[in-house]
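Whatever order the structure lists ligands and atoms in, that order sets their numbers, starting from 1.
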Amino acid sequence: MGDTPNDIQTVVGILKKGGLVAVPTETVYGLAADALNPNACRKIFDIKGRPLIDPLIVHVYSRDQVETLAHWSTAAQRLAAAFWPGPLTLVLPKKAAVSDIVTAGRPAVAIRMPRHPFLRKVLKVGRLPLAAPSANPFGYLSPTQARHVCASLGSRIPYILDGGPCSIGLESTIVDLSTPGHPQLLRPGPITAEAITDILETPPARHLKHCAKARVAPGQFKRHYRPRTPLHLFASGTSPSLTARDHKVKVAWVTLCRQSVSLPTGNRNVATFWLSKSGDLNEAAHNLFALLHHLDAQSYQAIYLEKMPAEGIGIAINDRLERAAAS
Ligand code: TXA
Ligand code: MG
């Protein structure tokens with residue numbers, strides 16, 4: 001599963017025949033298919049158990065490739081120039097080459113140019129745009145290592161390209177530019193609303209923040225990214241109150257940094273973890289899904305997790321955590 005030319009050729013060969021491959025990106029692992037082959041894309045929904053109403057992101061190698069799929073605007077070109085390749089997805093009016101299965105019948109397509117060198121090689125050698133959602137069963141934790149994919153979908157996909165742990169560890173920011181003059185933030189992510197507004201320069205700091213509440217991506221269900229173990233959030237800098245039952249069973253207690261809050265007392269079965277020794281939010285994002293995968297594979301009866309400060313990538317982490325903890 002390394003990055004020898006052979007592996008890339010094998011991956012490209014599978015994709016060209018309409019097969020699926022799990023690929024590394026800098027955000028999370030994706031389950032990729034030829035975006036121009038509707039039958040191949042249909043398999044993604046089948047294997048993930050994903051509803052057909054939830055559209056797919058198309059990954060491209062170059063900005064030229066975007067021309068074949070969607071209509072660019074000045075705003076889109078400015079954002080692409082600033083953040084691609086990288087963790088930003090742009091929703092743009094689609095062209096006829098993109099089938100309804102990819103966009104779930106919508107007139108706009110979500111496009112991203114990823115940064116991971118292995119995936120860039122696959123895109124370059126294959127000369128195919130790749131539709132790829134996160135490579136997890138629908139609703140479950142996103143995979144940030146090849147073994148996370150292997151554990152959940154390994155028996156159903158022919159190849160996992162192992163590119164090591166994803167450097168960012170959290171899904172891309174999604175900005176909808178399909179209505180001229182009204183950019184909308186559909187999913188907070190590693191690139192903040194402020195950074196996007198700085199590039200757009202139009203008054204829409206307001207729009208972006210307002211719409212972050214008003215609208216979300218169609219597939220952003222209230223319950224999502226969930227571990228099997230019940231997850232409870234507690235406010236940043238506070239101590240969680242455990243239930244009477246939790247005092248008797250094995251629970252995991254996760255904080256942002258090492259000494260951020262004091263340990264809940266009276267329970268010898270509490271195991272403590274932190275997402276970043278120094279409280280660095282980017283490191284916390286990088287570790288988040290990997291730690292939740294690890295805890296979910298142990299016999300904890302509950303996970304208590306401290307919410308992040310609402311700044312920078314902390315906003316996106318909290319968005320995922322709230323969905324993961326939603327009942
Ligand atoms: O970082 C990422 O974005 C990762 C990697 C693999 O690229 N992909 C990812 O895909 O997170 P997925 O399918 O797990 O989440 C994509 C989100 C969904 O909420 C989906 O509804 C939304 O993007 N989306 C896709 N196409 C869209 C469209 N045409 N219009 C609006 N939202 C769209
Ligand atoms: Mg996903």
For [X], atoms of ligand 1 separated by under 4.0 Å from a heavy atom:
X      : value
Ala108 : 29 (N)
Ser172 : 1 (O), 2 (C), 3 (O)
Ala110 : 25 (C), 26 (N), 27 (C), 29 (N)
Thr27  : 1 (O), 2 (C), 4 (C), 5 (C)

Can you tell me if [X] has a non-hydrogen atom under 4.0 Å from ligand 1?
X     : result
Pro87 : no
Leu56 : yes
Lys94 : no

Could you check whether any side-chain N or O of Lys16 sits under 3.5 Å from a backbone N or O of Leu128, counting only pairs where one atom can act as donor and the other as acceptor?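 Not at all, since once roles are kept as given, no pair shorter than 3.5 Å links the two residues.
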
Quick one about Thr89 and Ser172 (side-chain donor to acceptor, distance below 3.5 Å, no hydrogens or angles considered), yes or no?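 On atom types as modelled, these side chains qualify, holding a pair under 3.5 Å.
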
Under 4.0 Å between a Lys/Arg side-chain N and an Asp/Glu carboxylate O for Glu171 and Arg320?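 So Glu171 pairs with Arg320 through a salt bridge.
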
What protein N/O/S atoms are there under 2.8 Å from the Mg ion (ligand 2), waters excluded?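 Protein N/O/S atoms under 2.8 Å of the Mg ion (ligand 2): Ser134 OG.
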
Pairs under 3.5 angstrom only: tabulate donor-acceptor contacts from the side chains of residues 75-82 to other protein residues two or more places apart or in another chain.
from  : atom 1 : to     : atom 2 : distance (Å)
Arg78 : NE     : Ile199 : O      : 3.3
Arg78 : NH2    : Ile199 : O      : 3.2
Arg78 : NH2    : Glu201 : OE1    : 3.4

Check this for me - ligand 1, Arg112, N or O atoms closer than 3.5 angstrom, yes or no?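 Yes, Arg112 has an N/O under 3.5 Å of an N/O on ligand 1.
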
Closest approach of Ala285 to Ile313 (non-hydrogen atoms, all atoms of both residues):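 Taking Ala285 first and Ile313 second, the nearest heavy atoms are CB-CD1, 3.7 Å.
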
